[in-house]
Structures are given as structure tokens and as C-alpha cells.
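Counting starts at 1 for both ligands and their atoms, following the listed order. Values below: all heavy atoms of this structure, side chains included; hydrogens, waters and symmetry mates excluded.
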Amino acid sequence: MSNEIVTDVVIIGGGPTGLFAVFELGLLDLKCHVVDILDRPGGQCAELYPEKPIYDIPGFPVVTGQQLVDNLMQQIAPFGPQFHFNRMITGLEKLTDGTFRLTTDAEEVFLTKVVVIAAGGGSFQAKRPPVEGIEAYEGKSVFYSVRKMEDFRDQDVVIVGGGDSALDWTLNLQPIARSLTLVHRRDAFKAAPASVSKMKELVMAGKINFLLGQIGRIEGNDGQLDHIHITMDSGDLSVPATRLLPFFGLTMKLGPVGDWGLELNDNLIAVDTEKFQSSVPGVFAIGDINQYPGKLKLILSGFHEAALMAQAAKAIVSPGERVVFQYTTSSTKLQKKLGVA
Ligand code: FAD
């Protein structure tokens, strides 16, 4: 038997856009459930660059990916959204009475009047290097992103790759790691030239090692690494390693979203720019997942789209109810909803 959850709105994706949608919908008294494949909120900001600075969020000269997510979570707390993490929405079906039936890979069923797809780049997964047995070390000593820099303090860190992530983390972790080795198969890097120059200065100063080669065998026990073998033209070398960060890129897959009969453009959901509604009335798409002329894949675009979508969602959930436009600064009604009046 499946659990059935009945609600006004289901938001697919808890990235920055999905989180801000909770706020805009909440101001209009719409209750939301948020479902995400990841184990926590924040989408790309939390998963790919939690400690990197963002400089183009209006009103924040600088904010890291994780700080932005934490602030959004604080901002939406008054509306009590219900989160369902570690779940993928797999099915979307419109019932004859106009309700949508959404199903997850954990066999939950949501019955909702409005669906908001804020699925970003779809489900993203780090590419795994072709190293035998690496799965046993993942999440313990092999990581595909840096969630907490402290986990790397006083560790023998090996970073593999030549892109921005590999070079950024080489520079950021060098001051706290016991030792740091960067491994790349070529002497040419895709990363920003300034980062490459800084990395080379650190190598010259003897503060990090750079090896031209590829990772081969890994050694350790119970998921804890101790050595990694690097295959180089000059022969194999074994380096001490208690943390491995392979940056082999990400695969972004649209996933089940592509199977729901929505009109797509270049694998993104086509929407209008008045309501950000898809080709199926009642199904909205906001943030990186949508496509319209002039679209910019920026966080601030997702925020704007969420505000307009919410007005249209309200008209579906409460047909005929007049919505008076109000500012949070001056409306006591809105301030009561936010718990500040
Ligand atoms: P996402 O953040 O991608 O979140 C979508 C969520 O949906 C994910 O958590 C995913 O797991 C979930 N999901 C997908 N499919 C399903 C499903 N079927 N079921 C359940 N959950 C699902 N933007 C800026 O504006 N400024 C910057 O400086 C900036 N810097 C960036 C730096 C990097 C390194 C990267 C990678 C991106 C950067 N961006 C920046 C882009 C920005 O992160 C994205 O525009 C933003 O994250 C989009 O938000 P979103 O909520 O639409 O999607």
C-alpha cells in the first residue's frame, strides 16, 4: 500500500529556485511539499559549490552557496514546508478531476492541484573514475565534492583533474591539508589561468606535489584509503592518500521529467514568460529546467520566475479568490504570515 499525501502544491527540486518558490507560494497561503533526490536542500549550490562565493545575488555583495541555502531555509521556515529528501519523482499523471498524481521511487503518492518543476539540470551525478573497487571508499575517504573543508584538515589529499573544481580545491585545501598531490593526465588545464599560475607557484615553493599521470589502483581498509598508485610515463608511483577528490565532471540527466509528455526544447521544459507554465496547464517549470527566449540560467532568474508562477498557481488552487497585491514592508497580513507582526 502506498502513502497518499494530499496538498496544494508539490515542488520537484529543492534547489534555490524550489526553496524560494515555497516563500512566494506561502505568502499566498499555499502549502507545499518539496521533493529532492539529494539528501538535503540547496541543489547545485549545496552539492557543487557550498563554499564558493556567489557575487550576483541582489542585496548580497558576496554569499557562499551554502550560506544562500541556509538563508533561504530561514526565510521559508514560517511557511512550514514539508521536505522529502532522497526521493526522486518518477511519475506524473493528470487525473480526470484535474488533480495531479505524482509518484516517487520510494512509492509515495502525492495528490496535488499544482506541480512546480524546479528540477534544475535534472538529476546530476559525478562521473566515477575507472578504478576498481572505488565504490567501497565513496562517502568515507573518496568524495566528489567538498561539503566541509574541515574533513580535509591534516589529511593526505589527492585531487585528480584539470578543471576549475580540481584547481580551486587544490588552492583552497592546500593550507589545511597535511599533504596535497594534484594529479592530471596532461600538462594543460581547463581551469582559469590565474588558478593554474597559483598552483604552479605552490609546486615551485614545495607546498604541493603535481604528478602528470592517471590514478590506478587504490589501497586501504574498510573504506579508508591509505595509498593511491599513480600511473605515469616514468612508471608507477605510490602516494600516501587519506582523502581522494576525483573531479572527472558531472553527468546531468533530465531523468523522468522527460517522460511526462511536456513540450521540451533542447531537453528543457518550454514555458511562457507570464506564468512559467508548461504545455500542461497546472504544471509550472521554473529555474534552470525551463526554456524561453532570452533565458539566463541564473539564480535570480529562478527567483523572479517563482514570484510570477505563484500568482498563477494561486488562481488554480483558489479559483475566483481576488489576490490583492501587497508589499511585505507594509502589509500587516503578510507580516503575520511571516510571524513578524
Ligand atoms: P538546481 O540547483 O539544479 O536544483 C534542482 C534540484 O532538483 C536538484 O537538487 C535535483 O536533485 C532535484 N531534482 C531533479 N530532478 C528531480 C526529480 N525527478 N525528483 C526529485 N528531485 C529532482 N548562478 C548564479 O546566479 N550565480 C553564480 O555565481 C553561479 N555560480 C555557479 C557556480 C557553479 C560551479 C555552478 C555549477 C553553477 C553556478 N550557478 C550560478 C548556477 C546556479 O547554481 C543555478 O542556476 C541554480 O542552482 C539553479 O537552481 P535550480 O533550483 O533551478 O536548480
Does a side-chain heavy-atom distance below 4.5 Å link Thr103 with Arg101?
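With C-beta onward as the side chain, the pair touches.
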What atoms of ligand 1 come closer than 4.0 angstrom to any heavy atom of [X]?
{"X": "Val35", "value": "20 (C), 21 (N)"}
{"X": "Gly13", "value": "6 (C), 7 (O), 12 (C)"}
{"X": "Lys297", "value": "45 (O)"}
{"X": "Leu298", "value": "24 (C), 25 (O), 45 (O)"}
{"X": "Ile89", "value": "17 (C), 18 (N), 19 (N), 20 (C)"}
{"X": "Ala118", "value": "5 (C), 6 (C), 7 (O)"}
{"X": "Thr17", "value": "49 (O), 50 (P), 51 (O), 52 (O)"}
{"X": "Leu48", "value": "36 (C)"}

For Glu219, which residues count as a salt bridge (Lys or Arg N to Asp or Glu O under 4.0 Å) partner, sequence neighbours excluded?
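Arg217.
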What residues, two or more places apart in sequence or in another chain, satisfy salt bridge (Lys or Arg N to Asp or Glu O under 4.0 Å) together with Glu321?
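Here the qualifying residues are Lys314.
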Single-linkage hydrophobic cluster Leu212~Val157, side-chain heavy atoms < 4.5 angstrom:
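Shared cluster, yes.
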Within one Ile-Leu-Val-Met-Phe-Trp-Tyr cluster: Leu268 and Val257, side-chain cutoff 4.5 Å
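No, no single cluster joins them.
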Going by the closest heavy atom to [atom], which one wins out of [options]?
{"atom": "atom 11 (O) of ligand 1", "options": "Ile11, Val257, Asp36", "value": "Asp36"}
{"atom": "atom 32 (C) of ligand 1", "options": "Tyr49, Tyr55, Phe85, Phe20", "value": "Tyr49"}
{"atom": "atom 16 (C) of ligand 1", "options": "Leu254, Ile37, Leu19", "value": "Ile37"}

Between the side chains of [X] and [Y], does any donor sit under 3.5 Å from an acceptor?
{"X": "Ser331", "Y": "Gln326", "value": "yes"}
{"X": "Asp105", "Y": "Thr90", "value": "no"}
{"X": "Gln291", "Y": "Asp266", "value": "no"}

Heavy-atom distances under 4.0 Å are what count here, so tell me which part of [X] touches ligand 1: side chain, backbone, both or neither.
{"X": "Met88", "answer": "both"}
{"X": "Asp56", "answer": "side chain"}
{"X": "Ile12", "answer": "side chain"}

Could you tell me if any non-hydrogen atom of [X] lies under 4.0 Å from any atom of ligand 1?
{"X": "Pro16", "result": "yes"}
{"X": "Gly122", "result": "yes"}
{"X": "Arg87", "result": "yes"}

Can you give me the closest heavy-atom contact between Pro16 and Phe303, atom names plus distance?
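Here Pro16 and Phe303 meet closest at O-CE2, 3.5 Å.
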Nearest heavy atoms of Phe189 and Met199, plus distance in Å
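So the minimum-distance heavy-atom pair works out to CZ-CE, 3.5 Å.
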Would Trp260 count as a polar contact of ligand 1, with the cut-off being nitrogen or oxygen pairs under 3.5 Å?
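No, no N or O pair falls under 3.5 Å.
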Before signing off on this row, confirm whether Ile299 and ligand 1 have an N or O atom pair separated by under 3.5 Å.
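For ligand 1, there is an N or O atom that lies under 3.5 Å from one belonging to Ile299.
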Looking at Lys198 and Glu201, is there a salt bridge between them, counting it only when a charged N and a carboxylate O are closer than 4.0 Å?
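Looking at Glu201 and Lys198, the cut-off is not met.
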Between Arg178 and Asp154, is there a side-chain N and carboxylate O pair less than 4.0 Å apart?
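No, this pair does not count.
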